[in-house]
Amino acid sequence: ASPEAIVSACYDVISGPAGTRDWDRFKSLFLPTAHLQAPTKGKDGTQYIFDVSPADYERLAGASFAKEGFFENAIVNRVDKFGKMAQIYSSYESRKAKGEKPFARGINSWQLINDGTRWWVVSITWDEEQGDLKLPKDMDKGGK
């Protein structure tokens, strides 16, 4: 119904205790050509861009989620819309179990498009806090 609803649904479907996620629901949120990307480092320290399709994400994250819980929630969502496109900057916290201290925090950058019927995720790009890179104050409403 809205870009915010798609983002909320995506956080909801990947979050939960150890076990299988509803991957059909997850993939139904994305355009078939969608991508998920993040700057990252290899084991040897080499920088590269992690870039996968929703199906690739299912394969890669699914094995981890099956073994241990993963809960990700938005801290602050900043929504910008123009016509049938939307950009949402969403700061997040990731936990292994509800109520635990987050093991990661960062920002997801969502790009969405509306085909006249519904909103679709075009891409999600994210980066995590590390070293001196911390959430901007306006994206960190009391989250620790």
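This chain uses plain numbering: 1 for the first residue, then up along the sequence. All values reported here derive from a predicted model rather than from experimental measurement.
More than 12 heavy atoms of other shown residues, nucleotides or ligands fall within 6.0 angstrom of atom CZ in Phe50. By the 6.0 Å contact criterion, CG on Asp132 is open, its count of non-hydrogen atoms from other residues, nucleotides or ligands being 12 or less. Heavy-atom contacts from other residues, nucleotides or ligands closer than 6.0 Å to OH of Tyr48 number more than 12.
When all heavy atoms of Trp119 and Lys84 are compared, the closest pair comes out as CZ3-O, 3.6 Å. Closest heavy-atom contact between Lys81 and Ala86: CG-CB, 3.8 Å. The two atoms that bring Gly62 and Trp23 nearest to each other are CA-CZ2, 3.8 Å, heavy atoms only. Residue Ala9 comes nearest to Arg25 through the heavy atom pair CB-NH2, 3.5 Å, listed as atom of the first residue, atom of the second, then distance. Looking at every heavy atom in both residues, Arg95 comes nearest to Pro102 through NH2-CG, 3.6 Å. The shortest non-hydrogen separation linking Pro54 to Ala34 is CD-O, 3.4 Å.
The closest donor-acceptor contact from the side chain of Ser8 to the backbone of Ala5 lies at 3.5 Å or more, if one exists at all. Under a 3.5 Å cut-off, the side chain of Arg21 and the backbone N or O of Gly19 do form a donor-acceptor pair.
The closest side-chain heavy-atom distance from Val76 to Asp138 is not below 4.5 Å. Side-chain contact between Phe30 and Ser53: absent, with no pair of heavy atoms (C-beta onward) separated by less than 4.5 Å. With a 4.5 Å cut-off on side-chain heavy atoms, Arg105 and Ser91 do not count as touching. Counting heavy atoms from C-beta outward, Glu4 and Val79 have side chains that approach closer than 4.5 Å. A heavy-atom distance below 4.5 Å is found between the side chains of Leu135 and Ile75.
Separating the CD atom in Gln111 from the OG atom in Ser123 is a distance of 3.5 Å, to the nearest 0.5 Å. Of the inter-residue distances, the one linking Ile49 atom CD1 with Gln37 atom CD reads 8.0 Å to the nearest 0.5 angstrom. The line from CG of Asp12 to CD of Glu72 is 12.0 Å long, rounded to the nearest 0.5 Å. Within the model, atoms CG of Asn77 and OH of Tyr92 stand 13.5 Å from one another, a figure rounded to the nearest 0.5 Å. Of the inter-residue distances, the one linking Asp24 atom CG with Leu29 atom CG reads 11.0 Å to the nearest 0.5 angstrom. Taking CG of Asn114 as the start and CH2 of Trp120 as the end, the distance is 10.5 Å to the nearest 0.5 Å.
Separation of the Tyr57 and Phe26 ring centroids falls under the 6.0 Å cut-off.
For Arg59, the side-chain contact (heavy atoms from CB on, under 4.5 Å) test picks out Asp56, with sequence neighbours left out. Residues passing the side chain to side chain donor-acceptor pair (under 3.5 Å) test with Ser15, sequence neighbours excluded: none. Residues satisfying the side-chain contact (heavy atoms from CB on, under 4.5 Å) test with Lys134, not counting sequence neighbours, are Glu129.
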Could you walk me through whether Glu68 and Lys96 satisfy the salt bridge (Lys or Arg N to Asp or Glu O under 4.0 Å) test, starting with their C-alpha distance in whole Å, then the side-chain angles of each, then the deciding distance to 0.1 Å, before giving a yes or no? CA-CA 7 Å; Glu68 60 185 346; Lys96 298 289 182 193; 3.1 Å; yes
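Val52 and Trp126 end up in the same hydrophobic cluster when Ile, Leu, Val, Met, Phe, Trp and Tyr side chains are linked at under 4.5 Å. Transitive grouping of hydrophobic side chains (ILVMFWY, heavy atoms separated by less than 4.5 Å) brings Leu36 and Val121 into a common cluster. Neither Ile88 nor Met85 shares a network with the other; the hydrophobic side chains, linked directly or stepwise wherever heavy atoms of I, L, V, M, F, W or Y lie under 4.5 Å apart, form separate groups for each. By the criterion of side-chain heavy atoms lying less than 4.5 angstrom apart, applied directly or through intervening Ile, Leu, Val, Met, Phe, Trp or Tyr residues, Phe103 is not grouped with Phe71; the two fall into different hydrophobic clusters. Transitive grouping of hydrophobic side chains (ILVMFWY, heavy atoms separated by less than 4.5 Å) brings Ile124 and Ile6 into a common cluster.
Ring planes of Tyr11 and Trp110: perpendicular class, angle over 60° (limits at 30 and 60°).
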